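Quick one: the structure is below, and I'll ask about it shortly.
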Amino acid sequence: MQIGISDQSSLMYALQKLEFLFRFEQPKIKLKINSNTYKDATSVPNNVIKKENITTPSDTNANKTSIFQHSKHNNESNTDTSTKQNDEEKLIVAAQNDVKAGLVPRAARLEFSNTDPYELVAIPKRDAVSGKFGKGDFNFLKLKKDHSSRPLWICPGSAHIILEAFSPIADQAIDFLIAISEPVSRPLNVHEYKLTPYSLYAAVSVGLETKDILDVLNRLSKVPIPDDVVAAINQCTVSYGKVKQVLKHNRYFVESTHPDILQRLLKDPIISGCRIVDSSSDTNKSQGKNGLLTFSAPKPDELSIAGKQVNQMNVDISVDISNQNDESSNKLENQFNVDLQQQVNDDNIDDPEEDDVYAFEVAPNQVETVKKRCNELDYPMLEEYDFRNDTINPNLNMDLKPITTIRPYQEKSLSKMFGNGRARSGIIVLPCGAGKTLVGITAACTIKKSILCLCTSAVSVYQWKQQFLQWTTIKEHQIAVFTSDQKEKFSGDAGIVISTFSMVANTRKRSYEAQKMMDFLHQREWGLLLLDEVHVVPANMFRRVVTTIAAHTKLGLTATLVREDDKIDDLNFLIGPKLYEANWIDLAIKGHIATVQCAEVWCDMTPEFYREYLKEQNRKRLLLYVMNPRKFQICQYLIWYHQNRGDKIIVFVDNVYALKAYAQKLKLPYIYGGTSQQERLRILHQFQHNPMLNTIFLSKVGDTSIDLPEATCLIQVSSHYGSRRQEAQRLGRILRAKRRQDIGFNAYFYSLVSKDTMEMFYSTKRQQFLVDQGYSFKVITQLEAMEDFEELVFKDKQSQIDLLHTVLLANESDSRLENEDTNADENSTTTGEQSGQKARAKKHASTIQSLSGADNMAYMEYNNGISSRSKLTGIDVRKGRGPILPTGKGTSNSEERHPLFKKHFNK
DNA sequence: GAGAGCGTAA
DNA sequence: TAGACTACGCTCTC
């Protein structure tokens with residue numbers, strides 16, 4: 001295999017793509033990069049290379065130059081006249097010729113033919129990430145003597161941690177790393193994690209102390225922990241997680257084991273202004289030193305989580321190793337296991353400081369103010385709810401049914417939540433189909449107070465209700481549903497209300513019933529606020545729910561803790577730290593969710609379509625690449641192929657026009673936003689129970705608000721830009737499928753991409769989340785058997801051209817239709833209501849734009865072509881997003897931050 | 001039960 | 001850096 005590379009961004013891309021290949025095929029090949037040869041390509045960890053800043057593990061001493069140094073070197077001195085250089089230059093020239101020949105879009109992807117899948121050709125892209133490479137050469141870090149038995153590399157400067165996931169003690173290390181750091185990428189053999197202020201905040205919040213983190217990290221690391229990383233850990237853990245907001249006997253306390261920190265906070269005028277100086281005295285507490293209240297600390301293992309088999313409540317950085325078979329590694333594992341566990345136990349039991357906690361009381365109506373101020377002072381408050389001592393709020397008589405048991409990872413995530421006998425607020429991340437709902441329900445059954453549960457759609461509201469009834473002993477009258485068409489209240493003192501975000505967050509005028517219901521929600525104190533699909537909470541409207549609802553604990557659940565904007569970090573302070581995150585592949589391997597075979601199918605554009613594509617503007621382009629007859633055929637073929645295998649198939653087409661066209665052409669039912677509720681249910685029922693109907697077409701409705709039956713195959717024809725979340729959510733639709741475990745892979749995920757179009761750019765971006773979770777996408781460029789398939793649609797040229805005309809006409813008739821609408825609107829709307837006028841004006845404007853003829857201007861076309869081309873070629877030129885400052889944090893504070901993190905913050 | 005209005009995703 | 005765009009959801013009103 002040869003890779004021709006002229007600049008570093010190509011190199012990075014090539015290596016990323018290579019890694020997909022390796023995971024899929026595990027070829028025994030030689031990977032030759034510049035002058036360094038790695039003996040076995042599979043041993044070159046993707047992440048190590050990708051992140052440019054450490055040397056390859058295998059040859060730290062043998063080879064003094066890292067590949068990145070080398071590539072930087074090449075970049076700087078083109079006068080180097082070694083033969084290797086010449087070879088490379090030849091490749092560059094060849095690549096440049098390709099660019100001249102107009103093959104640039106193709107160059108956006110690495111290509112490999114069917115005959116030789118390992119021949120890769122990378123073609124130069126613009127020099128967008130120059131300077132990123134070659135900065136880090138960590139040869140100076142001394143390897144520990146016994147480094148081979150330790151699984152971690154820690155990079156100075158970026159605080160990235162590389163884990164050898166094939167190490168015998170990887171499982172323990174993973175548990176620990178998940179607790180202290182943010183997973184960046186977790187493919188099969190090498191994982192990459194990143195320490196961030198938030199991740200350390202989360203670590204502290206589940207009970208780890210600075211000492212634990214540094215000790216364990218040091219024990220697992222092949223190199224000594226770099227000084228700047230130590231400093232950063234110290235700095236973050238020194239203030240984070242030390243202060244807690246506790247609601248006790250319906251009084252709010254700011255609590256800490258460190259009295260000096262409370263004193264420091266009280267020096268702040270805002271906080272001290274919110275303080276209630278103790279009036280009554282109580283047997284339960286005493287006026288301790290410094291005028292602070294003193295309580296005895298909660299004992300860690302008094303509480304058992306509902307549904308849990310064994311009562312083991314330690315902060316869980318050790319895992320059960322009983323099912324490991326490898327004899328030789330067992331001893332080592334045990335040693336680490338004991339050490340890790342010991343580490344944490346020591347702190348929980350022997351530290352005398354832990355026996356007492358100090359607190360001061362704040363006025364209930366000032367809690368938000370104090371919380372905000374604490375964030376600003378860099379002492380974010382954790383929220384904890386001592387629910388067992390809450391005598392004011394009535395208990396809810398509810399339990400898990402005896403037959404309900406929870407899985408180990410669910411238990412683990414809950415043990416983070418209830419680790420110290422109280423309920424902590426935070427976020428639990430589990431893949432779709434892994435039982436998020438049950439985690440939420442178990443948490444509810446543990447707290448046993450009134451529960452408010454919020455979902456994104458009315459459909460999932462009813463699902464939650466049904467799940468509550470299924471898993472717990474709760475009575476029907478104790479659950480109330482609050483949606484636009486059903487406004488119930490529960491009877492009795494305590495109960496469950498399930499509603500939607502938009503229902504509760506609504507700021508517009510409410511109907512009388514809805515207002516009464518909202519009053520009901522506001523008056524109450526909720527033991528637990530369950531937030532399903534918590535990644536939507538940072539949205540402007542939705543984020544208000546967390547402050548308007550008086551809840552003692554907030555538990556956020558999601559499968560995809562990503563957003564394409566930068567608001568995801570806000571969750572740390574809106575809800576709480578991320579308590580647990582499961583790895584998708586890991587759960588698949590353990591059999592909890594389905595194993596999925598992912599493939600990206602490249603569909604050639606027919607010449608006619610491509611010609612039009614190059615001419616058209618954005619909107620029509622989309623339609624052209626979606627309606628590409630080749631794609632049509634491939635879709636048809638895949639459906640046919642999988643139907644014959646007995647699969648249930650869901651086809652996603654985002655564009656409604658295309659959705660209808662596809663479904664009607666292939667004579668299959670489809671559901672989109674306009675489909676009535678009854679029709680939806682009818683189609684879904686048929687799909688589920690009728691063996692003759694094995695395929696349905698869905699638009700974006702399928703992403704969130706449909707209770708989809710089990711499917712085993714998923715074909716994505718078109719999608720919304722580069723949404724990682726959408727891709728992941730769609731994949732999640734087939735993770736429940738487990739009944740075909742006898743076959744090697746039991747679920748299939750195809751993404752159809754029209755070659756050489758914008759779609760390829762988006763597709764790569766979309767896959768990123770899943771790739772980070774360890775999924776690999778196989779690229780299929782040809783379906784050989786397809787040509788023999790007789791019923792193939794659009795087989796002859798004429799029908800393809802007809803289709804093209806229909807598509808082009810569809811566009812025009814669409815805009816004509818819009819125009820007519822506008823006219824009709826103008827004629828009919830005679831009463832001059834203000835809002836109506838506004839709306840009309842807006843609509844009018846858009847119509848003018850699309851009819852103005854700008855679409856057809858030659859120069860526009862040309863410009864557009866250029867810009868989209870550079871988009872295509874410049875994969876990953878966007879700068880990465882670093883963590884964002886917590887809300888309300890002043891710039892002065894960020895300057896005090898450790899430089900290692902400041903760098904990220906200032907991005 | 002349709003449609004206006006607004007919000008969300010990106 | 002904001003913006004381009006489309007589809008869809010929910011709620012309310014009539």
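Just so it is clear: chains get the letters A, B, ... in the order the sequence lines come, proteins before strands, and each one is counted from 1. Only this structure's heavy atoms are used, side chains among them; waters, hydrogens and symmetry mates stay out. Here the structure is a predicted model, which is why all the values come from computation and not from measurement.
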dist A:Leu531:CG -> A:Leu557:CG (nearest 0.5 Å) comes out at 8.0 Å
Less than 6.0 Å separating the ring centroids of A:Phe490 and A:Phe482? no
To the nearest angstrom, how far is A:Met503 atom CE from B:dC6 atom C1'? 14 Å
Quick one: do the A:Ser763 and A:Gln767 side chains pair a donor with an acceptor below 3.5 Å? yes
Under 4.0 angstrom between A:Ser502 side-chain N/O and C:dG9 OP1 or OP2: no
Using a cut-off of 4.0 Å on non-hydrogen atoms, how would the nucleic acid contact of A:Ala514 be classed: base, sugar-phosphate, or nothing? sugar-phosphate
Plane angle bin for A:Tyr662 and A:Phe632 - parallel if under 30°, tilted between 30 and 60°, otherwise perpendicular: parallel
Once you round it to whole Å, what is the distance between C1' of B:dA9 and NZ of A:Lys567? 11 Å
Ignoring backbone atoms, test whether A:Arg725 places a side-chain nitrogen or oxygen under 4.0 Å from the OP1 or OP2 oxygen of B:dA9. no
Return no unless some side-chain N or O of A:Thr500 is found under 4.0 Å from OP1 or OP2 of C:dT11. yes
For the pair made of NZ in A:Lys660 and P in C:dA7, what is the distance, rounded to whole Å? 10 Å
Which part of the nucleic acid, if any, lies within reach of A:Phe501 when heavy atoms closer than 4.0 Å are counted: base, sugar-phosphate only, or nothing? nothing
Between CE of A:Met541 and C1' of C:dC10 the distance, given in whole Å, is 14 Å
With sequence neighbours excluded, tell me which residues meet salt bridge (Lys or Arg N to Asp or Glu O under 4.0 Å) with A:Arg630. A:Glu787
Rounded interatomic separation in angstrom, taking CD from A:Glu679 and P from B:dA2: 13 Å
How many Å lie between CG on A:Asp703 and P on C:dC8, as a whole number? 10 Å
Taking for A:Ser499 and for A:Leu659 the nucleotide of DNA chain C with the nearest heavy atom, the one nearer the 5' end belongs to A:Leu659
Phosphate OP1/OP2 of C:dG9: any A:Arg680 side-chain N/O under 4.0 Å: yes
At 4.0 Å (heavy atoms only), tell me whether A:Gly674 reaches a base, stays on the sugar-phosphate, or touches nothing. nothing
Just how far, in rounded Å, is P of C:dC8 from CD of A:Gln729? 16 Å
So, does A:Thr456 get its side chain near the phosphate of C:dG9, meaning an N or O under 4.0 Å from OP1 or OP2? no
Phosphate OP1/OP2 of B:dA9: any A:Arg563 side-chain N/O under 4.0 Å: yes
Quick one: A:Phe542 CZ to C:dC10 P, roughly how many Å, whole number? 10 Å
